[in-house]
Enquirer: 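Handing you this structure, nothing more for now.
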Amino acid sequence: MPMTREIDELKSVTGVMPTRWHWTDEEFCRMGDRGDFEGQNVILVDGDILQMPPANDPHDIVLGLIDYRLKSLFGSQFWVRVQMGLRTALDTNPVPDIAVVAGSPRDYVSGSVPTQLVIEVSDTSIRYDLGDKAFLYAVAGIKDYWVIDVNEQVVYQFRDPISDHTQQRGYRYDSMQRYTTEQFVSPLVAEESVIAVSELFP
């Protein structure tokens, strides 16, 4: 018996089939404000709420070192946002580990301030951050995206988002550089400033 007939027969017995709920970022944020995700590490991608691995001590230590270094580099001219929401589409909020925007929190009230740098600190989610997350940020037009590999102690820097119809999301980064602890990396928005990669790890 063809599978379609089996499904039709099942529907006649069980009634309405379950439907997939497509969440918006507004709904996602409202649930977060309500405490629905307390103790969970979740993001919103294409309307789906995804459960991410919980943060551990190595992740949090590296995140703290990066936060400290970026704030000393940028000063009061930029807002270094740590693990805050970042709407990249009406139904997508990847909640990056770090997002750097120009100005202060007051300038961000309108939500129109462009994001200058996005960083994901990665240990157990390295494949996702280098793959799907990179395509996600390329679609959003993020010009400077870094993945900090906690285990290998390297920084991957993605730049130059471009259209590419061969990719599932239609965009990708045209440039990717890998930096080790013997090297230096610079944010695109402040290329005259250099950061020793070794500073970002314990």
Side-chain angles (χ1 to χ4, degrees), residues 20-33 37 41-53 55 59 63 66-67 70 73-74 77-122 125-149 155-179 185-191 195:
R20 174 182 167 190
W21 189 268
H22 189 97
W23 302 99
T24 66
D25 180 58
E26 184 178 350
E27 292 169 326
F28 176 69
C29 291
R30 191 160 55 240
M31 287 189 289
D33 292 340
F37 307 131
N41 183 17
V42 295
I43 63 175
L44 180 70
V45 176
D46 297 334
D48 291 330
I49 297 174
L50 307 182
Q51 176 79 54
M52 302 300 289
H59 173 280
L63 178 60
I66 297 168
D67 177 38
L70 290 181
L73 186 152
F74 288 121
Q77 295 182 335
F78 292 85
W79 181 21
V80 180
R81 307 175 73 242
V82 179
Q83 294 181 333
M84 299 182 188
L86 178 68
R87 178 186 292 183
T88 59
L90 291 178
D91 62 356
T92 300
N93 189 334
V95 193
D97 283 317
I98 289 180
V100 179
V101 299
S104 73
R106 292 185 186 277
D107 300 315
Y108 199 72
V109 173
S110 66
S112 60
V113 179
T115 303
Q116 305 291 343
L117 171 65
V118 166
I119 298 177
E120 296 287 2
V121 178
S122 185
S125 61
I126 185 67
R127 291 181 63 185
Y128 184 69
D129 292 335
L130 290 175
D132 289 356
K133 274 278 186 78
F135 291 119
L136 193 70
Y137 289 129
V139 171
I142 302 299
K143 296 180 180 179
D144 202 9
Y145 168 52
W146 299 5
V147 177
I148 313 296
D149 187 337
V155 174
Y156 295 91
Q157 184 184 66
F158 294 83
R159 288 185 175 176
D160 304 322
I162 61 170
S163 174
D164 185 344
H165 69 276
T166 66
Q167 301 300 321
Q168 182 178 1
R169 293 184 177 275
Y171 284 84
R172 64 174 174 84
Y173 282 103
D174 195 40
S175 170
M176 192 278 284
Q177 299 290 328
R178 181 180 183 273
Y179 298 90
V185 63
S186 297
L188 183 61
V189 72
E191 289 192 297
I195 301 172

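None of these values were measured; they are calculated from a predicted model. When reading the values below, keep in mind they use all heavy atoms of this one structure, side chains included, and skip hydrogens, waters and symmetry mates.
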Enquirer: To check you understand the geometry: which heavy-atom pair defines the closest contact between H59 and Q83, and what is its length?
Expert: CE1-NE2, 3.7 Å
Enquirer: Quick check for you: to the nearest 0.5 Å, what is the distance between I142 atom CD1 and L188 atom CG?
Expert: 11.5 Å
Enquirer: Restricting to side chain to side chain donor-acceptor pair (under 3.5 Å), what partner residues turn up for D132, sequence neighbours left out?
Expert: none
Enquirer: Taking ring-ring contact (aromatic ring centres under 6.0 Å, His included) as the definition, give me every residue that meets it alongside F135, ordered by chain and number, with sequence neighbours left out.
Expert: none
Enquirer: Exactly one of Q116, R159, E191 should register a side chain to side chain contact (heavy atoms under 4.5 Å, CB included) with D144. Which one does?
Expert: R159
Enquirer: Can you find a heavy atom in the side chain of Y137 that is under 4.5 Å from one in the side chain of P94?
Expert: yes
Enquirer: Over all heavy atoms of both residues, which pair between M31 and I49 is shortest? Give the atoms and the distance, please.
Expert: CE-CD1, 3.4 Å
Enquirer: Could you tell me which residues satisfy ring-ring contact (aromatic ring centres under 6.0 Å, His included) with Y173, sequence neighbours excluded, listed by chain and number?
Expert: F158
Enquirer: Who are the salt bridge (charged side-chain N to carboxylate O under 4.0 Å, His left out) partners of D149, not counting sequence neighbours?
Expert: none
Enquirer: Side chains of F78 and V101: does their closest heavy-atom pair fall under 4.5 Å?
Expert: no
Enquirer: What verdict does the side-chain contact (heavy atoms from CB on, under 4.5 Å) test give for M52 and V42, after you've listed the backbone C-alpha separation in whole Å, the side-chain angles of each residue and the deciding distance to 0.1 Å?
Expert: CA-CA 6 Å; M52 302 300 289; V42 295; over 6 Å; no
Enquirer: E26: which residues meet the salt bridge (charged side-chain N to carboxylate O under 4.0 Å, His left out) condition with it, sequence neighbours left out?
Expert: R30
Enquirer: Not counting sequence neighbours, which residues clear salt bridge (charged side-chain N to carboxylate O under 4.0 Å, His left out) with K133? List them please.
Expert: E120, D129
Enquirer: For residues G85 and R81, report the shortest heavy-atom separation together with the two atoms involved.
Expert: O-NH1, 3.1 Å
Enquirer: I need the W79 CH2 to D107 CG distance, nearest 0.5 Å.
Expert: 10.0 Å
Enquirer: Starting at CG of D174, measure out to CG of D160 and round the result to the nearest 0.5 Å.
Expert: 6.0 Å
Enquirer: Below 4.5 Å, heavy atoms only, C-beta onward: do S175 and Q177 meet side chain to side chain?
Expert: yes
Enquirer: Quick one: do L44 and L50 satisfy side-chain contact (heavy atoms from CB on, under 4.5 Å)? Show the steps, please.
Expert: CA-CA 6 Å; L44 180 70; L50 307 182; over 6 Å; no
Enquirer: Can you find a pair of side-chain heavy atoms, one from W146 and one from L117, that are under 4.5 Å apart?
Expert: yes
Enquirer: Quick one: does T115's side chain get under 4.5 Å of V118's, heavy atoms only?
Expert: yes
Enquirer: Check this for me: Q167, atom CD, are more than 12 non-hydrogen atoms of other residues, nucleotides or ligands nearer than 6.0 Å?
Expert: yes
Enquirer: Could you tell me which non-hydrogen atom of A190 sits nearest to which non-hydrogen atom of F74, and how far apart they are?
Expert: CB-CE2, 4.1 Å
Enquirer: What residues form a side chain to side chain contact (heavy atoms under 4.5 Å, CB included) with Y171, not counting sequence neighbours?
Expert: A138, V139, S163
Enquirer: Who are the ring-ring contact (aromatic ring centres under 6.0 Å, His included) partners of Y128, not counting sequence neighbours?
Expert: none
Enquirer: Holding to salt bridge (charged side-chain N to carboxylate O under 4.0 Å, His left out), I want the full list of residues that pass it with D164, two or more places apart in sequence or in another chain.
Expert: R172
Enquirer: Got V82 and L63 here, is their nearest side-chain heavy-atom distance under 4.5 Å?
Expert: yes
Enquirer: Hey, does V155 have a side-chain heavy atom less than 4.5 Å from the side chain of V147?
Expert: no
Enquirer: Taking salt bridge (Lys or Arg N to Asp or Glu O under 4.0 Å) as the cut-off, I'd like each qualifying pair that reaches into residues 86-100, sequence neighbours left out, listed once.
Expert: D25-R87
Enquirer: Within this structure, what is the CZ-OG1 distance for the pair F28 and T92, rounded to the nearest 0.5 Å?
Expert: 10.5 Å
Enquirer: Quick one, T88 and N93 - any side-chain contact, counting heavy atoms below 4.5 Å?
Expert: no
Enquirer: Kindly write out the residues that satisfy side chain to side chain contact (heavy atoms under 4.5 Å, CB included) with Q168, not counting sequence neighbours, or none if the list is empty.
Expert: none
Enquirer: Go through the steps to decide whether L86 and V95 satisfy the test side-chain contact (heavy atoms from CB on, under 4.5 Å), and finish with yes or no.
Expert: CA-CA 6 Å; L86 178 68; V95 193; over 6 Å; no
Enquirer: Step by step, work out the side-chain contact (heavy atoms from CB on, under 4.5 Å) result for D46 and R169.
Expert: CA-CA 11 Å; D46 297 334; R169 293 184 177 275; 2.7 Å; yes
Enquirer: Measure the CH2-SG distance between W23 and C29 for me, rounded to the nearest 0.5 Å.
Expert: 13.0 Å
Enquirer: Among all residues two or more places apart in sequence or in another chain, which pass the side chain to side chain contact (heavy atoms under 4.5 Å, CB included) test with R178?
Expert: V154, Y156, T180
Enquirer: Which atom pair, heavy atoms only, marks the closest approach of N41 to P53?
Expert: ND2-O, 2.9 Å
